[in-house]
Amino acid sequence: MAEVVVSALLRGLFEKLASTALKNIALYMGIDAEINKLPRSLTKIQGLLADASRKDITNRFVKRWLNDLQHLAYEIDDVLDDLATDAMEKELSSESGTFSRKVRKLIPNCCTKFPKNTEMLSKLDSINAKLQELYKEKADLGLSVTNTPSPRNYNKNRRFQSSVFDPSRIVGRQAEKEALVQQLLQDDGPSHQNFGIVPILGMGGVGKTTLAKLLYNDPRVKKHFKLKGWVCISDDFNIFGRTKDIFKDLGGELKKESEGFNKLQETLADYVRGKRFLLVLDDIWCESYLDWQTLIEPLCACASGSKIVITTQKDLLLKRLGYDPLNKQLESLSYDDALSLLALHALGINNFDSHLSLKPYGEEIVKKCGRLPLALIALGTSLRTKEDEESWKRVLETQIWNLPVEGEILPALRVSYHDLSAPLKQVFAYCSLFPKGFLFDKEKLVLLWMAEGFLHQSTQSHSMEEWLGHEYFDELLSRSFFQSAPNSKSLFVMHDLMNELATHSAGEFFVRLDIEAKKDTEEKMLEKYHHMSFVREEYVNYKKFEVFKRAKSLRTFLATSVGVEESWNTFYLSNKTVVDLLSELPLLRVLSLSNSNISEVPESIDTLRHLRYLNLSRTQIKDLPENISNLYNLETLILFDCWKLAKLPNNFLKLKNLRHLDIRKTPCLNQMPLGIGELKNLQTLSKIIIEVKSGFEITKLKDFKNLCGEVSIVGLEKVQNATDASVANFSQKRLSELEVVWSNTWDDSRNEMLEKDVLNELKPHNDKLIKLKIRSYGGLEFPKWVGDPLFDHLKHVSLSGCKTCTSLPPLAQLQSLKELFIIGLEGVEAVGMELLGTCRAFPSLEILSFLEMNKWEKWSINNGEDVFPCLKQLRISNCPKLVEIMLENIRSLNVLDIHGCDSGVLRRLVEVASSVSKLKIKNISRLDDAVWRCVVDHLGAVEELSIERCDRISYMWESEAVASKVLVNLRDLNVELCDKLVSLGKIENDENCNLPIASLKTLKVFRCWKMGHCNCPNSIETLIIQSCSITSISLPTGLKSLVIQGCKNLSEGVLGGQNNNTVLLEKVMISDWLNLKSINLNCLVHLTQLEIHSCTDLESLLDEESPNLSYLTSLKRLYIQHCPKMDVCVIWPPNLQILEIGRLKKPISEWGSPNFPTSLVNLTLYGDDGLLELFALHIESSGIKVFCFVQLLFSTDHMFLVLWVMQSHKTKPELCSNLDNILDCVISPEASQSGLGQMKKRKMSTSSNISGVSYKQFTMFRKELSVDTDLALSPKKKISTKCGNGRLEGGDDRRYGGPGGDSVKMATTGRSCRRGV
């Protein structure tokens, strides 16, 4: 790896050293002699790299030499970047002065030369000396100059794969096999060649060859083909040799007269002529279409129906042959099959039934291997003679690359890696910074590669770098280093073992801080790392990053996460951490603090003079410091979803290298920064705010010739002349997404014709546009380009708030359109054939929504089979006048959502969409029992049914017997705010009903005020009743989960006692059940979770026969709050793990001895509002994770909440010995953003002993509101109770006392905190 990265780095260095600008600035600074030494020294060392690359695998000294050279290459690059930045700084800072002009012209004469830069001279002297030392070491290391490329490191035995296999050693793949067998047996139809190609594509080790063997030996396949052959190609694509192999393996006899290539091909063609053959070409690496055609040319003489099966890791050749294999890659085994495969090779049997103690280790090994068959076989075989747990545990805890089986697993993956070019290896190693499961966005990753300097181009064209990055990514994707993410066509994932290969290849230059990354991150190593990432945590301890102050060489500081980044998923990073870190990391090129709660960017940001990439998306910042414009190298600035951002720096024009500015979702930002129009290199400007006179005028867009990607233009009502829009030259801009927005103010200033002309001039180039949004447009009709079929890539169209439009554009001929949203077009009264055009309409449309169409009355389309052939979701909302719908069949529709419409709309749509499986209706006018009965007759395919605010329905069905014949697939039923609903069935307790609704599993009823009784079908497993006036419930016999909330009139005898229908209950949640006085839990032996809140009359969970809860052996979670008549339990369920309890009959101080079970891992205690109760739970060996919960609620002058948290270390108390590493104080975002006064810090000393570890100190922060007065805290009462093997106690005199904890958290709040810990 080191040789690869070094060669890539050196190429970039040579390009920079050849730069005229660098030579001039060096001459000006008087360091040209030292600079000129660098190319000569680097050239000599470059000659040694080929030899070093062959020896570094076996010679650790050569490997160390290469690593030292790579570190030095980074250092040289930093120095050269400093010089280039100095030149830009002088150019920009004194642009109008005579001195500046001399610098700019850089005329080397005595008048312009200044004394030599001694600091830079010192650096260059040191670098040149190190280069000389490295070159002198060549003799000791045995390195010599050679141009011979290093041999590819592949398994030479790979060529000897054959079709022979042992079927007893193969697990799974039956579904994949059957699908491919059908492909082999079916006729391909008319084609220019008689044979078809069946590709098996996937990453190394996934089982492609094994699957091919299954196909090859299937009896149906053997019978179908007259000739069969198997040839392993591998990376030796010798056409002559492989043609011989094909001929012989198909059964041909090679004669002496056929030894010439031409004669051989003729002989092969004659041999297969008129015969149907099956040929497996295993392990294809060839990408040349011409070589492939030469190889298979003789096979074209075969009979129709012949097949060639290709196994390959690379899809480039397949694409050239006309295949799109992206979504057809062979995936890893299923979890169960992977576990069976491991057991088969480790234990000799296909399960762990006789080795149950090893099964947990096996399950983790399966996860570790990412269900990759080759890795499972290798690890399983290594464990074949080992049935002790320690051996399995050792394998589990060791990185695959460090196991003895490395030589068996690595070739399968590394053969792809070694086939990469040096730049590709470099960008692949960069991917080690991202955790397993990370979702890669191609565009974002390319910007990071560009910022790191990995996309070297001799040309000065900036756009070429992005293009090259896309080429690199596509190449890695084609070689299975990336895979398409499930359920997403725009995101990608990396297999876990590929992630580990990247980590293994990254060496001592990349480090990722997370639980999964088993890297040595000791402080002594930190000085060497150049690229660092960390996986976000909810709270980040300052001390976690404090050690990185030593990492002076860091170029990358990257916040990452696993899975999709949600806007609400922020992490709390203090401003102090950011300020201190930035001042210590001057060489950063990439800085990402996205999704952090930082509220300001420190002024010291301008010290990061090398910075190319700055990501502050989804932070709390309101502005950026003016000096951010001193970041002359900045290429990418991401401020996406900074919803508080109101202002950008005024001197943006200094950011000459800025190419990507993402300011989407910044609602407070209503003005473009001054000078942004001068940034000619901008390719991404996601939000453009049009202004007049001194602001940003639309004509300035003409200068952004490279503008691409996503663009939103806001304020188009300010454009006074369509000619100005024409000047912007949008027809030449290759945008992927375009949003155009006018003001939502409708007055006399709006000009319908002008707005149509402006929109007409904003037509983008048609070859890239994927998404189009038009908002608040004021024309009467849309220009012709909206809906033009030439936009053949357009997938999403949204027309919203265009109140004056009276008709829709002809969108039906957009061949790729998948999503169409029509919102708030209040002038449209009818939708008809004008929408469709003349050809097959909406051939790809999957989602269609009509919302807020107040005047829409008629939808008339004679669609037949040619309209909406792929429509899956239809939503019609708040279209109150729509009464006439003339549609034919919509057979593909799965989801139907109707809100605020007439019942005729519902009735007609369920008639024409017989395949709807999910139906949601809300506020449907004129929907009474008679109409509803007709609707129900068409719901045979419905699985999920939701009904809201339909207040003329009194029941859901006539009777359960009738419903069971129609609602045969109904699984989930949700009924909300149906004011007249009295029961589920009109006829209940039908004695003649022998046909219950067997499919119904979940029933939710919410705020149905007239529903007095609920007779539940017996099939229901989950029942939720909330805020109903219900008095009785007949519980189903199979009920497993029950929620009853706010049913104040419900009688007491529903739960427990003689009610046998509650026997299977596993989860129960009860709140605000006023009539409930007791619950008999005797029969609830399967109960795992019980929650009870605000049941004011509830006195006990016990009875005389069972005075404790010890019989609830399955109960793991118990929550009881606000039950003022209930006493605390004395003997708890024996296996309880989580307990939250408080505000009962007695205060906690009077509980006596609660005897909490030793199984408890999480305990939360709630005190009464308005009082101070402080409790500390001392853990000795019970293993309880949560140390303590404290609630402090004071007067309005002082309100705050303090949480104490202690993680248990029951087996290794020494882990807690360093208080500095575990002590953390976090101010919650509510407190830190409230701006209510200053924060004061207090330190108190106390001492307690936990598991033999002494805690000497804790820190507490106090947040004050408007009145600065001392807090008067009443002394706490002494409490001493038993808690498993520990005790519960508080202190008498310590006002802020209590045992020291792992974390102290404070938040301003006026509410009690449920599950606060």
Side-chain angles (χ1 to χ4, degrees), residues 85 89 447-448 451 532-534 536 540 542 545-546 548-549 554-560 565 567 570-655 657-676 679 684 686-687 1227 1229 1232-1233 1235 1239:
T85 305
E89 186 174 7
L447 293 181
L448 289 170
M532 189 273 283
S533 69
F534 67 96
R536 301 185 187 100
V540 181
Y542 171 76
F545 295 126
E546 195 173 36
F548 282 88
K549 291 180 180 180
L554 270 188
R555 292 180 167 206
T556 310
F557 189 86
L558 191 64
T560 66
E565 291 187 358
S567 58
T570 58
F571 74 103
Y572 303 115
L573 187 67
S574 71
N575 288 330
K576 172 180 170 55
T577 301
V578 177
V579 171
D580 290 355
L581 269 176
L582 296 191
S583 63
E584 299 291 340
L585 304 175
L587 299 180
L588 281 183
R589 299 190 177 204
V590 169
L591 174 61
S592 174
L593 298 173
S594 62
N595 286 70
S596 72
N597 73 323
I598 60 170
S599 56
E600 61 182 29
V601 179
E603 292 286 336
S604 59
I605 188 75
D606 70 335
T607 62
L608 305 180
R609 59 203 316 263
H610 300 270
L611 198 66
R612 264 86 170 164
Y613 178 100
L614 178 58
N615 188 344
L616 299 170
S617 60
R618 289 175 171 156
T619 58
Q620 309 297 314
I621 61 172
K622 297 179 181 179
D623 54 26
L624 294 174
E626 286 293 328
N627 64 4
I628 204 169
S629 299
N630 294 333
L631 301 177
Y632 305 119
N633 287 302
L634 194 64
E635 298 169 341
T636 301
L637 177 57
I638 303 178
L639 303 169
F640 166 71
D641 207 8
C642 292
W643 59 280
K644 290 185 178 181
L645 183 67
K647 187 178 182 296
L648 292 175
N650 288 322
N651 50 354
F652 238 57
L653 59 89
K654 294 169 66 177
L655 297 176
N657 286 308
L658 190 66
R659 288 140 74 170
H660 302 278
L661 176 60
D662 188 353
I663 47 177
R664 290 171 296 154
K665 293 189 177 182
T666 52
C668 296
L669 186 64
N670 52 28
Q671 186 178 7
M672 302 298 286
L674 295 176
I676 196 170
L679 304 183
T684 300
S686 54
K687 180 178 178 181
I1227 305 301
S1232 62
Q1233 295 167 19
M1239 188 166 58

If I compare all heavy atoms of D641 with all of R618, which pair ends up nearest, and what's the gap? OD2-NE, 3.2 Å
Check whether any side-chain heavy atom of K665 lies under 4.5 Å from a side-chain heavy atom of F640, and answer yes or no. yes
Looking only at atom types and distance, does a side-chain atom of S686 sit under 3.5 Å from a main-chain N or O of I663, one as donor and one as acceptor? yes
Exercise: do H660 and T684 side chains pair donor with acceptor under 3.5 Å: yes
Intermediate values then yes/no, side-chain contact (heavy atoms from CB on, under 4.5 Å), I605 and N627: CA-CA 8 Å; I605 188 75; N627 64 4; 3.6 Å; yes
Side chain to side chain, S594 and I638, heavy atoms closer than 4.5 Å: no
Would you say Q620's side chain and K644's backbone share a donor-acceptor pair under 3.5 angstrom? no
Can you give me the closest heavy-atom contact between S533 and T560, atom names plus distance? CB-CG2, 4.2 Å
Would you find a donor on one side and an acceptor on the other, under 3.5 Å apart, between the side chain of S629 and the backbone of N651? yes
Reported CG-to-CG distance for the pair L631 and L655, which is rounded to 0.5 angstrom: 7.0 Å
Tightest non-hydrogen contact, residues L658 and F652, listed as CD2-CE2, 3.8 Å
I'd like to check S617 versus D662 (side-chain heavy atoms, cut-off strictly below 4.5 Å). Are they in contact? no
Contact check, side chains of L591 and L582, non-hydrogen atoms, under 4.5 Å: yes
Report yes if some heavy atom in the side chain of L624 is under 4.5 Å from a heavy atom in the side chain of L616; otherwise report no. yes
Side chains of L639 and L669 in contact at under 4.5 Å (non-hydrogen atoms): no
Can you pull out every salt bridge (charged side-chain N to carboxylate O under 4.0 Å, His left out) where at least one residue sits in residues 593-614? Sequence neighbours excluded, please. D81-R612, D82-R609, D86-R609, E89-R609
NZ/K647: more than 12 non-hydrogen atoms of other groups inside 6.0 Å: yes
Step by step, would you call I676 with L679 a side-chain contact (heavy atoms from CB on, under 4.5 Å)? CA-CA 6 Å; I676 196 170; L679 304 183; 4.1 Å; yes
Going through the distances and angles, do E635 and Y613 end up as a side-chain contact (heavy atoms from CB on, under 4.5 Å)? CA-CA 6 Å; E635 298 169 341; Y613 178 100; over 6 Å; no
Which distance, rounded to the nearest 0.5 Å, do you find between the CG of L581 and the CG of L554? 9.5 Å
Check whether any side-chain heavy atom of M532 lies under 4.5 Å from a side-chain heavy atom of F557, and answer yes or no. yes
Do L558 and L448 have side chains that approach each other closer than 4.5 Å (heavy atoms only, starting at C-beta)? yes
How long is the span from the CD1 atom in I628 to the CG atom in N630, to the nearest 0.5 Å? 10.0 Å
So how far is it from N650 CG to E626 CD, rounded to the nearest 0.5 Å? 5.0 Å
For the atom pair CG (L585) and CG (L608), what is the distance rounded to the nearest 0.5 Å? 8.0 Å
